[in-house]
Amino acid sequence: MAAWERCLFGVVPRCGLSHLAASVHEAMSKGKAVIATNLGGPVDMVVHGETGWLVPPGDVTRWQRQCKG
């Protein structure tokens, strides 16, 4: 959890069947925006444009754009 104190935002890509909901919850509990896939659990947790951004899996250009701000 200490790492969340030092970061600007969290990046939570969907990897296989895991939606990494715990990582989304940890980031948000520290007040960090989250960039996550628009599939599965993150859709219910991240409000696009408010608490983070939801991007399609595999869309590298959108992932890069969101990380750069």
What are the two closest heavy atoms between Glu26 and Trp4, and how far apart are they?
OE1-NE1, 3.2 Å
Closest approach of Lys32 and Glu5, non-hydrogen atoms and distance?
NZ-O, 4.0 Å
With rounding to the nearest 0.5 angstrom, report the CD1 to CZ distance, Ile35 to Arg62.
11.0 Å
With hydrophobic residues grouped by side-chain heavy-atom distances under 4.5 Å, do Val34 and Trp63 end up in a single group?
no
Just how far is it from atom CD of Gln66 to atom CG of Asp59, taken to the nearest 0.5 Å?
10.0 Å
Scanning both residues in full, the closest heavy-atom pair of Cys67 with Val11 reads SG-CG2, 4.0 Å
For the NE2 atom on His25, are there more than 12 heavy atoms of other groups (residues, nucleotides or ligands in this structure) within a distance under 6.0 Å?
no
According to a 4.5 Å side-chain heavy-atom criterion applied to Ile, Leu, Val, Met, Phe, Trp and Tyr, with indirect links allowed, do Met28 and Leu54 form part of one hydrophobic cluster?
yes
All heavy atoms of Ala33 vs all of Trp53, minimum pair found to be CB-CZ3, 3.7 Å
What are the two closest heavy atoms between Pro57 and Leu39, and how far apart are they?
CG-CD1, 3.4 Å
Indicate, with yes or no, if Val60 and Val12 share a hydrophobic cluster defined by side-chain heavy-atom contacts under 4.5 Å among Ile, Leu, Val, Met, Phe, Trp and Tyr.
no
